[in-house]
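Take a look at the structure below.
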Amino acid sequence: MRLLVIGGVAAGLSAATRARRVDPSLEIVVLEKGADISYGACGLPYYLEGRVRRAGQLIVYTAEYFRQERDIAVRTGARVVSISHPRREVVLDGGEHTHYDRLVIATGARPRTADFEGATLPHVFTLHTLRDAERLKAYLRDQQPQRALVIGAGYIGLETADALRRNGLAVTVVEQSPHVLGRADAELTKAVRERLERFRVELQLNTRISDVSGRELVILATGLRPNVEIAAEAGVEVGRTGAIRVDEHMQTNLPGVYAAGDCAEALHLVTGRPAYIPLGTTANKMGRVAGANAAGRRERFGGVVGTAILNIFGMGVAFSGLAVDQAQREGFSPVSARITAHSRAGYFGGKPITVELVADAGTHRLLGGSVWGENGVEGRINVIATALHNRMRVEDLEQLDLAYAPPFSTVWDPVLIAAQQLSNKQRR
Ligand SMILES: Cc1cc2nc3c(=O)[nH]c(=O)nc-3n(C[C@H](O)[C@H](O)[C@H](O)COP(=O)(O)OP(=O)(O)OC[C@H]3O[C@@H](n4cnc5c(N)ncnc54)[C@H](O)[C@@H]3O)c2cc1C
């Protein structure tokens with residue numbers, strides 16, 4: 001029995017590793033078109049910044065490690081150009097045909113660059129792969145640009161802006177929508193803007209740029225497009241989000257063919273519908289399930305609630321679930337409360353932390369939340385994410401026995417204060 005995996009980063013290698021655990025006798029081959037495998041793209045902004053000194057530090061395992069320790073063959077420079085499911089084979093760009101019994105598609109996504117005039121010019125970059133980061137680093141070193149334009153105020157744009165500013169460049173972030181991070185939340189946008197301005201990064205909202213030629217350094221960070229083409233041509237169904245449709249077992253519509261990671265949809269547990277929220281945490285989990293099932297198990301991936309966190313000049317910004325406008329669009333009647341409290345006792349260096357909770361007015365079910373501040377953000381958003389996973393109501397959240405001692409929190413945790421405020425509103 002032969003398992004082929006297309007894609008050698010988070011989802012693909014999680015799938016291969018898990019499949020090996022499940023079935024020691026399986027033949028497993030990973031095909032990766034690039035030169036690098038098993039690297040943490042999430043660390044790229046910190047490599048750009050200089051905190052991570054060598055690109056190699058981001059590489060978790062080598063192909064040699066996979067061969068020796070896990071009996072998994074990882075081939076780099078192996079681009080799959082087509083899949084023939086009736087023949088159970090893939091074709092590589094050199095013309096080689098390779099057979100599979102089971103297939104995991106983990107082809108990831110690519111940055112959207114097509115809409116820009118001049119996108120291929122040498123001063124225009126994306127930050128998606130290890131090679132992108134190395135090229136950008138070399139450009140900074142050799143060309144010594146003084147200013148940079150970052151297009152897109154999503155998390156990659158904002159993290160890149162932070163990294164470039166810390167390299168001494170004058171940075172402007174432009175965003176076509178009126179808000180940042182894809183969340184229509186004026187308070188969140190204001191907090192991010194203030195943070196950026198404090199570190200002398202300019203944020204221009206409602207600004208659309210289509211021509212990037214004739215500038216010093218441009219970073220395109222305008223979102224991702226899932227790599228679904230070879231799958232779609234082979235008859236794999238693509239969902240409304242544009243990513244590969246999978247069931248909870250990560251199985252596509254073709255028997256024996258699985259998909260995982262940034263190329264696939266995931267069930268959103270708050271809306272109950274498929275969503276496209278490409279993140280490393282999800283890619284690893286999906287890959288694990290795809291690999292287990294491709295090797296003969298019947299495991300399931302529960303879904304996502306859209307939890308994300310980033311650091312902007314020392315301020316953590318995180319959210320999970322739905323913002324008010326998204327909740328409205330999904331047919332809920334959202335009610336929300338936002339508080340600013342202390343992250344921990346003042347005499348332990350507590351800093352302001354803002355927590356917003358969104359719930360459905362009718363059922364009191366928690367629908368989402370956001371948190372920002374200089375410390376304690378990760379713990380609070382993870383409580384909110386857990387509550388969302390468990391479909392908790394605000395009154396349940398209010399009762400949670402959360403940890404308290406002065407170095408960590410305040411006696412009323414900010415999440416509990418926000419839950420109380422929301423409860424009060426609901427009672428009115
Ligand atoms: C700058 C940056 C910061 C990030 N920060 C975070 C973070 O803080 N937290 C978080 O959760 N996520 C973060 N992410 C997202 C995370 O890195 C991705 O979600 C994750 O890498 C997706 O893994 P994947 O295996 O699905 O896809 P990828 O990592 O894109 O890997 C897919 C692989 O498939 C290969 N491939 C594609 N087509 C073919 C083909 N036809 N033949 C052979 N090989 C092919 C590609 O070359 C690629 O190596 C970040 C991403 C970036 C770029």
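Numbering starts at 1 and runs along the sequence shown. As the structure lists them, so they are numbered: ligands from 1, and atoms in each ligand from 1.
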Distance-only donor-acceptor check, side chains [X] and [Y], under 3.5 Å:
X	Y	result
Glu89	His99	no
Glu265	Thr241	yes
Glu64	Gln68	yes
His268	Tyr276	no

task: Supply the atom-to-atom distance Glu159 CD to Cys42 SG, rounded to the nearest 0.5 angstrom.
output: 8.5 Å
Of [options], which has the heavy atom at the shortest distance from [atom]?
atom	options	result
atom 24 (P) of ligand 1	Pro226, Gly8, Ala11	Ala11
atom 11 (O) of ligand 1	Gly261, Gly280, Ala35	Gly280
atom 37 (C) of ligand 1	Ile37, Thr76, Thr107	Thr107

Check ligand 1 against [X] and write out every atom of the ligand that is under 4.0 Å from a heavy-atom position of the residue.
X	value
Gly7	33 (C), 34 (O), 35 (C)
Ala283	22 (C), 23 (O), 26 (O)
Leu31	43 (C), 44 (N)
Ala106	32 (C), 33 (C), 34 (O)
Ala78	42 (N), 43 (C)
Ile230	41 (N)
Ala10	23 (O), 25 (O)

For ligand 1, does [X] get within less than 4.0 Å through its side chain, its backbone, both, or neither, judged by non-hydrogen atoms?
X	value
Ile6	side chain
Cys263	neither
Cys42	both

field: Salt-bridge contact Asp185-Arg338 (side-chain N to carboxylate O under 4.0 Å)
entry: yes
Greater than 12 external heavy atoms within 6.0 Å of Phe313's CZ: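 Yes, CZ of Phe313 has more than 12 neighbouring heavy atoms, counting only those of other groups under 6.0 Å.
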- request: Flag this pair as yes if the NZ/CZ of Arg70 is under 6.0 angstrom from the six-membered ring centre of Tyr61 and inside a 45 degree cone about the axis; otherwise no.
  value: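 Because its charged atom sits under 6.0 Å from the ring centre and within 45° of the axis, Arg70 does stack over Tyr61.
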message: In this structure, does ligand 1 have an atom that sits under 4.0 Å from one of the heavy atoms of Ala308?
response: no
- request: Look only at interatomic distance and state if Lys33 has a nitrogen or oxygen under 3.5 Å from any nitrogen or oxygen of ligand 1.
  value: yes
